[in-house]
4 protein chains.
Amino acid sequence: MPATARGRRSRQALLDAARIVFARDGFTAARITDIADQAGAAHGSFYTYFKSKDEIFLALIEELEEDLRVSGRGESAASDDAYARILRANTEYLTAYYDNRGIMVVWEQAATLNPEVAELRSQASDRAVARVVRAIERMQAAGEVSPAIDARYAATALTGMISNFAYRWCLRDEDFELDRAAQQLSLLWANALGIPTP
Amino acid sequence: MPATARGRRSRQALLDAARIVFARDGFTAARITDIADQAGAAHGSFYTYFKSKDEIFLALIEELEEDLRVSGRGESAASDDAYARILRANTEYLTAYYDNRGIMVVWEQAATLNPEVAELRSQASDRAVARVVRAIERMQAAGEVSPAIDARYAATALTGMISNFAYRWCLRDEDFELDRAAQQLSLLWANALGIPTP
Amino acid sequence: MPATARGRRSRQALLDAARIVFARDGFTAARITDIADQAGAAHGSFYTYFKSKDEIFLALIEELEEDLRVSGRGESAASDDAYARILRANTEYLTAYYDNRGIMVVWEQAATLNPEVAELRSQASDRAVARVVRAIERMQAAGEVSPAIDARYAATALTGMISNFAYRWCLRDEDFELDRAAQQLSLLWANALGIPTP
Amino acid sequence: MPATARGRRSRQALLDAARIVFARDGFTAARITDIADQAGAAHGSFYTYFKSKDEIFLALIEELEEDLRVSGRGESAASDDAYARILRANTEYLTAYYDNRGIMVVWEQAATLNPEVAELRSQASDRAVARVVRAIERMQAAGEVSPAIDARYAATALTGMISNFAYRWCLRDEDFELDRAAQQLSLLWANALGIPTP
DNA sequence: TATGAATGAGACTTCATTCAT
DNA sequence: AATGAATGAAGTCTCATTCAT
C-alpha cells in the first residue's frame, strides 16, 4: 500500500479506471495505456502501483469480493423458514451480480485466461458450494430433505444454476426480471430438494 | 473447400491439429505456428485453408457441433416416461461434453473473446432452451407441471444447471462420476418441475 | 514462344488478363493469382509462360508499343506544313494514350519500381526526343526556327509537356477534350518554336 | 506532437532518417526497420510517432512542402516584366526540385501507390495550375496574350512541361544545366503564350 | 501442359514492461 | 511519485515461386 495519501489516491484512481476499462473492453482487449488514460495518469505511473495487468485485475477482484460480501450481509431472522432463506440468498446474489454485471462477466472471461483468477473464481464457487452442502446435510439430518439427494452433486448443480443464469442474463442482456428470476429460481431450487414452497 | 483429395486431407489435418493445440493451450495461447507444426505443414500452408485463428476455430466448432448432433441421436422409445427422457438427455449431454472436454472448455473461453464464437455458443444454448420450453409447456398443458412455473425462466435455469455442471466438472477435473451426475441432475430437474421420479 | 497452338492461346489469355488486372489494380497491387484467375488458368500455369510479374509486364509493354506504333502510322502527306505535322502527331499520341489509358498510367508507375520497365520507358521517351531534336535542327537549318532554341532542351521539354498532359488527363480523369487538347498543345508547341500557326 | 523536447528530437530524427532512406531505396523498398536503424532508434520506437510507412511519408511531404514554400519566397520586384517573372519562377522551381531531387522523385513514385500521397501531389499541381491560369487570364485581359489560348489547357500543359522536365532530369541524372534549363524553358513558355522575350 | 497445393522468407504491428528525467 | 519515451519479443499474414501429380 502506498505510504502517502496522494499515492493511495492514485492507486484507487487506477483501480476505478480498471473497473471501467475491463468492463468496457474485456480482459484481453484492455490495455495498460487505456487504464492509465482513464485514470488521468501517465502510462508509466501504472507500474508504480501494479506489476502487471494480471495483478491489477486480481486487486480489482478482491475489492469486488469485499463489496459483494458486504452487500450479502442481509439480516437473516432466525425465524425464517428454509424457502425464505433460499429466496433471500438468491435475490441478494442476483442483485449483486446485476449491479456489477460489467465486471462479473469479465471475471468469467479472465478466469479462462489466468490461473490465479481462475483460482479465485473457484474458491468463491467452492465456498458457496460448501455452504449449501452444509445446509443440505443439516436438512437431511432433520428429515427435511430426502437422503436420495447427494449433497455435493446437488450443491454444485444448484449454485451453478444460479450463477449461470445470472451470467447469461447479464452477458446478453436477456429480458429477465430480477424479482421474478429470484422467485422462479428459488422455486426450482426448493422443489428440487423437496422443500415446501408457498 | 479444397478441389483435390490431397487438399482435403491437408485441411483436415489442420483441423485435427487445431483441436489438439486449442485443447492443450487454450484459445489465446494457441499459435498458428503450433497448429501448422502439429499438422506437419509449413507455416504458410495454414493460410491456404484458413484466413485466421478465429476462422479455423469456427470451422472446428462447426465440426464439433456436427459430432455432438450425431451422438445425440439416441433412440427415444415412445413408451418412455418423462423422467426417463430427462435422464437420457442429460446422460447423452454429459457424455458428449466429457468426451470433448478439452475443446468444450476452450469453446467457453473463445466465446468470451470472439463475437462470432459467442454467437454460435448462444445459438446452441438457445436451441436447447427452446426445446425445453416446449417440453415444459406441453407438460403444463397436460397438467403434469404446475402453472406456477415460468417455462422460459425454468428452461434457462435448468439447461444452465446442466451445462454449468459439465463445465465445472471438466474444467477442474472435479471428482464426479458420469452416471451418478446424470442421475442426480435428472432427479433435481424432475423434482424442480414436479415430475415423478423413481 | 509456346510450340503448340493451345500454348499460344494460354499465353495470350494471360497477357490479356494481365492488361486488365494491371490497369485495375496497379502494378504493385496486382497479384499473380488474380491474373491467372482472370485468364481462367490455374495459379501454377502462369509460370509455364512467364518467369515473374516483371516479365509479364515487360511482355505486355512490348505488345503495347507494337500497338502504339501501328496506330501511329498515319499517312503524312509530303505537302503538310510544320503545324499540320505537329497537330497530327499530337492527336495520334493523345488518342493512343487515351485508348490505353489504364495501362499507360500503370506503365508510369511500374517505371518507378522496376529498372527494366524504366529502361523501356526511357527508350521510348528518348526515341521521341531524338525525332523532335532532328526536326528542330532541320527547321533551324532552314531558318524556320530561331537558333536561340537549344534543340535538346526544347525537344525534352515539349515531348514532356505532351506526355505529362496525357498522364494527368488520364490519371485523374480530368475534364479535357481530346480535339481541343491536341489543338491547344500544338498551338503552344508551334508558338514555342516560332512556327506559324493558322 | 511529442510532449517533451526529447520526444520532438526523436520524431525529427525519424523524419530525417526517412528522408534519407526513401531517397536511397524508393518508397516500396524502404523498410520501417531501416528508417528506425538510420535514426538510431529501436524498431518499436517508430510506432511511438507514426502509425505506418504511409503516415511518415505524408509527414515528410508536408515538411518538404513547407521547405519548398519558404525557398519560393523570392522578392518579386513590381517592376519585373512578364518574362522576368516566368524566368524567376522556373529557376526557383528547378532549383528546389534539384536540391530535393532524391525525395521529389520518390514522391512521384509514392503518388502512384498511395491515394493520400497522390492527393497531396495533385493539390500541389492544382495550386500551381490555378496560379498560372490567373496569370494568363490577366494577360489576356490586358491584351498581352492571344484569346486563342485556353488558359486552363495552357496552364496545365506548361506547368506539366516544367515539372516533367525536372523529373526526367533528376530521375536519370541527365546532362542538363540548371541555368540553361531555366532559360530555355522560360523561353519556350513565353513564346508559347506570345510574351516578348529578350 | 495444366493443376492446385506447399513453401518460407520477409515485413508489419502491438503493447507490456523498463528506464531516464 | 510522476512522466512519457524507449525497447524488443512475439506473432500475424502475404504472396511470389516451386513442386508433385
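Below, chain A is the first sequence line, B the second, and so on; all start at residue 1. Since this is a predicted model, take the numbers as computed values, not measurements.
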- request: Applying side chain to side chain donor-acceptor pair (under 3.5 Å), name anything that partners Thr4(B), two or more places apart in sequence or on another chain.
  value: none
Shorter than 3.5 Å, N or O on both sides, protein versus nucleotides 4-8 of chain F: list them out with atom names.
| residue | atom | partner | partner atom | Å |
| --- | --- | --- | --- | --- |
| dG4(F) | N7 | Gly44(A) | N | 3.1 |
| dA5(F) | OP1 | Ala3(D) | N | 3.1 |
| dA6(F) | OP1 | Ser10(D) | OG | 2.4 |
| dA6(F) | OP2 | Tyr49(D) | OH | 2.6 |
| dT7(F) | OP2 | Ala42(D) | N | 3.0 |
| dT7(F) | OP2 | Ser45(D) | OG | 3.2 |
| dG8(F) | N7 | Gly44(D) | N | 3.2 |

- request: Please report the closest heavy-atom contact between Pro2(D) and Arg8(D), naming both atoms and the distance.
  value: O-NH1, 3.2 Å
task: Report the distance from atom CZ of Arg9(B) to atom P of dT21(F), rounded to the nearest whole Å.
output: 10 Å
- request: Round to the nearest Å and state the distance from Lys51(B) atom NZ to dC13(F) atom C1'.
  value: 12 Å
- line: When every non-hydrogen atom of Ala30(D) is compared with those of Val21(D), the smallest separation belongs to CB-CG1, 3.8 Å
- request: Output every pair passing side chain to side chain donor-acceptor pair (under 3.5 Å) with a member in residues 48-57 of chain D, not counting sequence neighbours, ordered by first then second residue.
  value: Asp54(D)-Asn114(D)
task: Measure from CD1 on Ile35(C) to P on dT3(E) and round the result to the nearest Å.
output: 16 Å
query: Which whole-number value in Å describes the distance from Asp37(C) CG to dG4(E) P?
result: 10 Å
field: For Asp25(B), side chain to side chain donor-acceptor pair (under 3.5 Å) partners two or more places apart
entry: none
DNA chain F contacts made by residues 11-26 of chain C, counting heavy atoms under 4.0 Å: none
- line: Heavy-atom nearest nucleotide on DNA chain E taken for Arg31(A) and for Ile32(D); more 5' hit belongs to Ile32(D)
- prompt: Excluding sequence neighbours, so at least two apart, what forms salt bridge (charged side-chain N to carboxylate O under 4.0 Å, His left out) with Arg121(B)?
  reply: Glu108(B)
- prompt: Once you round it to whole Å, what is the distance between C1' of dT17(F) and CD1 of Ile56(C)?
  reply: 15 Å
- request: Identify, with sequence neighbours excluded, every residue that meets ring pair (Phe, Tyr, Trp, His ring centres under 6.0 Å) alongside Phe50(C).
  value: Phe46(C)
- request: Map every base of DNA chain F to its dot-bracket character, where paired means a Watson-Crick or G-U wobble contact with both distances under 3.5 Å and | marks a partner outside the strand.
  value: .||||||||||||||||||||
task: Whole angstrom is fine here: how far is it from CG in Asn114(A) over to C1' in dA16(E)?
output: 15 Å
query: Between atom CZ in Phe50(D) and atom C1' in dA11(E), what is the gap in whole Å?
result: 19 Å
task: Can you sort out the partners of Ile61(B) under side chain to side chain contact (heavy atoms under 4.5 Å, CB included), two or more places apart, ordered by chain and number?
output: Phe57(B), Leu64(B), Glu65(B), Trp107(B), Leu120(B)
Donor-acceptor contacts, no H, no angles, side chain residues 32-45 of chain B, under 3.5 Å, sequence neighbours left out:
| residue | atom | partner | partner atom | Å |
| --- | --- | --- | --- | --- |
| Asp34(B) | OD1 | Arg31(B) | NH2 | 2.9 |
| Asp34(B) | OD2 | Arg31(B) | NE | 3.2 |

message: Can you tell me if Tyr47(D) touches the phosphate of dT14(E), counting only side-chain N or O atoms and a distance under 4.0 Å to OP1 or OP2?
response: no
query: Please give, in whole Å, the distance from dG11(F) P to Asp34(B) CG?
result: 8 Å
- line: Contacts of Gln123(B) meeting side chain to side chain donor-acceptor pair (under 3.5 Å) (sequence neighbours excluded), chain-then-number -> Glu119(B)
message: Could you work out, with ring pair (Phe, Tyr, Trp, His ring centres under 6.0 Å) as the rule, every residue matching Tyr97(C), not counting sequence neighbours?
response: Tyr93(C)
